[in-house]
Amino acid sequence: MLLGKTECWFATRTCTDGPLFRYVETEPRETIVSSLGRPICSIQLHAADLLYLIISKLDFVNMKLVQQVQMMVLHKLLFCITQQNLDLQQKLLHLLHACLAITCASTTHKDKSAANGHQKKGSMDSINSVQSVPQFNEAIALIQSSSDLYVKCITDALSQSSNRSMLQHWMDFVLATLPYTKHGFRALIVPVLMCICHQISLRCDTIEIAIHEKPNTSSCASVEKEVMVLLTGLEKVLMFCLTERVLNDEWFINASTDVPIPHIPENSALVGFAQVVHGEEHPKLNEKPRDTMMFHLPVVLQILLNTWHAFRRPQWDEHTMLSMGDAKADAILHSFSNAADQAK
């Protein structure tokens with residue numbers, strides 16, 4: 001059941017002036033984490049669920065509410081990633097997905113005006129709604145102001161070792177929100193693609209050391225699975241960039257944004273992607289992102305070739321075989337061969 005005008009006003013006041021934001025943002029002091037950590041986490045999870053219900057069921061969308069929820073979620077996600085709080089991330093990703101869907105919808109149609117918001121036809125998924133010009137401007141401003149936080153959350157989530165268990169959830173989120181970022185090619189999509197490529201390269205280096213160079217002293221227990229997740233993400237993001245007809249930079253034509261990108265060596269092949277993000281010339285509407293991707297496609301192909309090479313069959317010398325023992329060597333070969341078949 002959707003919420004009408006009165007319920008919309010009440011829900012907005014509950015979120016912005018009430019306790020819901022505080023419930024999600026509150027963290028226990030270090031001295032009471034052991035005793036109150038779990039109850040507070042449970043409250044945060046329920047508050048996030050309630051925020052999602054309010055955001056997705058409102059009949060009249062208030063962009064001020066969406067803005068406050070979206071910015072709060074981004075800041076909280078960044079905090080959770082930094083503090084290794086894994087429990088709350090999945091709920092917040094669900095909520096952020098809903099906010100991005102509404103924000104994107106608010107930038108799509110600006111023909112008819114409404115007094116207090118745009119009316120949704122059925123649910124959050126019915127994004128073909130009507131909104132006023134002020135809401136269109138508010139939505140664009142929200143996207144521009146939150147782009148740096150959005151990119152930083154994703155790059156930190158994919159790169160920090162303490163967040164490895166959430167890698168699949170974050171990759172699913174990235175792929176699910178690609179349609180909501182298609183008007184921010186250089187500022188929102190390219191940095192994420194760059195991060196995925198960089199993480200694949202780092203994990204291939206780990207495999208090279210742990211499997212081919214020092215198998216008796218190193219380990220890469222979960223790296224093979226992580227590579228598979230990243231390769232799947234790379235494939236789908238790349239195909240989206242090459243096949244999506246409506247892909248451009250119109251959200252950022254007149255905006256100057258300082259989008260964070262992964263830290264890479266100066267001689268890295270990914271420097272070209274960094275130049276795309278931080279190019280001196282502002283992108284034009286008639287420029288085709290597909291042409292940009294085709295120009296940088298050899299870089300991606302080289303990463304795939306390096307991945308193929310990293311998953312080659314190990315050739316250990318006699319000393320390495322003796323130090324590992326037959327049982328360990330067979331176990332490594334069996335596990336690695338299965339991962340190699342999937343990766344290739």
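Both backbone and side-chain heavy atoms feed into the values below; hydrogens, waters and symmetry mates do not.
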A.B. asks: What do you reckon, are the aromatic ring centroids of Tyr23 and His46 less than 6.0 Å apart?
C.D. replies: no
A.B. asks: Please check this pair: side chain of Arg164 against backbone of Ser159, looking for a donor-acceptor N/O pair closer than 3.5 Å.
C.D. replies: yes
A.B. asks: Charged N to carboxylate O below 4.0 Å: is that the case for Glu250 and Lys182?
C.D. replies: no
A.B. asks: Do Glu25 and Met72 have side chains that get closer than 4.5 Å, going by heavy atoms?
C.D. replies: yes
A.B. asks: With a 4.5 Å cut-off on side-chain heavy atoms, are Val246 and Asn248 touching?
C.D. replies: yes
A.B. asks: Output side-chain donor-acceptor pairs under 3.5 Å for residues 296-303, partner residues at least two apart or in another chain, one line each.
C.D. replies:
from   : atom 1 : to     : atom 2 : distance (Å)
Gln302 : NE2    : Asn306 : OD1    : 3.0

A.B. asks: Would you indicate whether the side-chain heavy atoms of Ile189 and Cys241 approach each other to under 4.5 Å?
C.D. replies: yes
A.B. asks: Give the intermediate values and the outcome of side chain to side chain contact (heavy atoms under 4.5 Å, CB included) for residues Thr292 and Lys288.
C.D. replies: CA-CA 7 Å; Thr292 302; Lys288 295 182 179 180; over 6 Å; no
A.B. asks: Can you tell me how far the CG atom of Leu175 sits from the CZ atom of Phe173, to the nearest 0.5 Å?
C.D. replies: 10.5 Å
A.B. asks: Give the intermediate values and the outcome of side chain to side chain contact (heavy atoms under 4.5 Å, CB included) for residues Leu77 and Tyr150.
C.D. replies: CA-CA 10 Å; Leu77 275 171; Tyr150 173 82; over 6 Å; no
A.B. asks: Looking only at heavy atoms, what is the nearest atom pair of Arg186 and Val276, with distance?
C.D. replies: NH1-O, 3.4 Å
A.B. asks: State plainly whether one hydrophobic cluster holds both Met294 and Phe185, where clusters connect Ile, Leu, Val, Met, Phe, Trp and Tyr through side-chain heavy atoms under 4.5 angstrom apart.
C.D. replies: yes
A.B. asks: Exactly one of Glu224, Glu226, Lys225 should register a side-chain hydrogen bond (donor to acceptor under 3.5 Å, both in side chains) with Ser222. Which one does?
C.D. replies: Glu226
A.B. asks: Answer whether the closest heavy-atom distance between the side chains of Leu234 and Cys197 falls below 4.5 Å.
C.D. replies: yes
A.B. asks: Output the distance between atom CH2 (Trp251) and atom OG (Ser147), rounded to the nearest 0.5 Å.
C.D. replies: 11.0 Å
A.B. asks: Check whether any side-chain N or O of Thr232 sits under 3.5 Å from a backbone N or O of Met228 as a donor-acceptor pair, and report yes or no.
C.D. replies: yes
A.B. asks: For residues Thr26 and Gln44, report the shortest heavy-atom separation together with the two atoms involved.
C.D. replies: O-NE2, 2.7 Å
A.B. asks: Taking the side chain as C-beta and beyond, is there a heavy-atom pair between Met293 and Phe273 under 4.5 Å?
C.D. replies: yes
A.B. asks: Would a distance-only check, ignoring hydrogens and angles, find a side-chain to backbone donor-acceptor pair under 3.5 Å from Asn163 to Ile81?
C.D. replies: no
A.B. asks: Identify whether Leu202 and Leu231 are in the same connected component of the hydrophobic contact network (ILVMFWY, side-chain heavy atoms under 4.5 Å).
C.D. replies: no
A.B. asks: Can you give me the closest heavy-atom contact between Thr107 and Ala139, atom names plus distance?
C.D. replies: CG2-CB, 3.5 Å
A.B. asks: Calculate, to the nearest 0.5 Å, the distance between atoms CG and CD1 belonging to Leu100 and Ile143 respectively.
C.D. replies: 8.0 Å
A.B. asks: Do Trp308 and Cys204 pass the side chain to side chain contact (heavy atoms under 4.5 Å, CB included) test, and can you show the C-alpha distance, the side-chain angles, and the key distance before you say yes or no?
C.D. replies: CA-CA 9 Å; Trp308 180 283; Cys204 287; over 6 Å; no
A.B. asks: Do the side chain of His75 and the main chain of Met71 share a donor and acceptor less than 3.5 angstrom apart?
C.D. replies: yes
A.B. asks: By the definition side-chain contact (heavy atoms from CB on, under 4.5 Å), identify the one residue from Val229, Thr155, Leu230, Val227 that meets it with Gln199.
C.D. replies: Leu230
A.B. asks: Under 4.5 Å between any side-chain heavy atoms of Leu78 and Lys152, yes or no?
C.D. replies: yes
A.B. asks: Considering all heavy atoms of both residues, which atom of Leu188 and which atom of Pro191 are nearest to each other, and what is their separation?
C.D. replies: C-CD, 3.9 Å
A.B. asks: Would you say the side-chain atoms of Gln89 pair up with the backbone N or O of Met166, donor to acceptor, closer than 3.5 Å?
C.D. replies: no
A.B. asks: Would you kindly confirm whether Phe136 and Ile102 end up in one hydrophobic cluster when ILVMFWY residues are joined by side chain heavy atoms under 4.5 Å apart?
C.D. replies: yes
A.B. asks: State the CG-CE distance between Leu65 and Met63, to the nearest 0.5 angstrom.
C.D. replies: 9.5 Å
A.B. asks: Are Val69 and Phe79 connected into the same hydrophobic cluster when the rule is that any two of I, L, V, M, F, W, Y join if their side-chain heavy atoms are below 4.5 Å apart?
C.D. replies: no
A.B. asks: Might you work through the side chain to side chain contact (heavy atoms under 4.5 Å, CB included) test for Leu142 and Gln70, ending with a clear yes or no?
C.D. replies: CA-CA 9 Å; Leu142 172 58; Gln70 184 167 321; 3.6 Å; yes
A.B. asks: How close do Leu86 and Ser165 get, heavy atom to heavy atom, and via which atoms?
C.D. replies: CD1-OG, 3.1 Å
A.B. asks: What distance do Leu45 atom CG and Leu50 atom CG have between them, rounded to the nearest 0.5 Å?
C.D. replies: 13.0 Å
A.B. asks: Testing the basics here: between Asn62 and Gln135, what is the closest heavy-atom pair and its distance to 0.1 Å?
C.D. replies: CA-NE2, 4.5 Å
A.B. asks: Is there a continuous path of hydrophobic side-chain contacts, each under 4.5 Å between heavy atoms, that joins Phe295 to Val277?
C.D. replies: no
A.B. asks: Just checking Glu27: does its CD atom have more than 12 heavy atoms from other residues, nucleotides or ligands closer to it than 6.0 angstrom?
C.D. replies: yes
A.B. asks: Side chains of Leu305 and His309: closer than 4.5 Å at any heavy-atom pair?
C.D. replies: no
A.B. asks: At what distance, to the nearest 0.5 angstrom, does NE2 of His97 lie from CG of Leu92?
C.D. replies: 14.5 Å
A.B. asks: Looking at Lys91 and Asp49, would you say the former's side chain and the latter's main chain have a donor-acceptor pair under 3.5 Å?
C.D. replies: no
A.B. asks: Provide the full list of side chain to side chain donor-acceptor pair (under 3.5 Å) pairs with a residue in residues 236-245, sequence neighbours left out, each pair given once.
C.D. replies: none
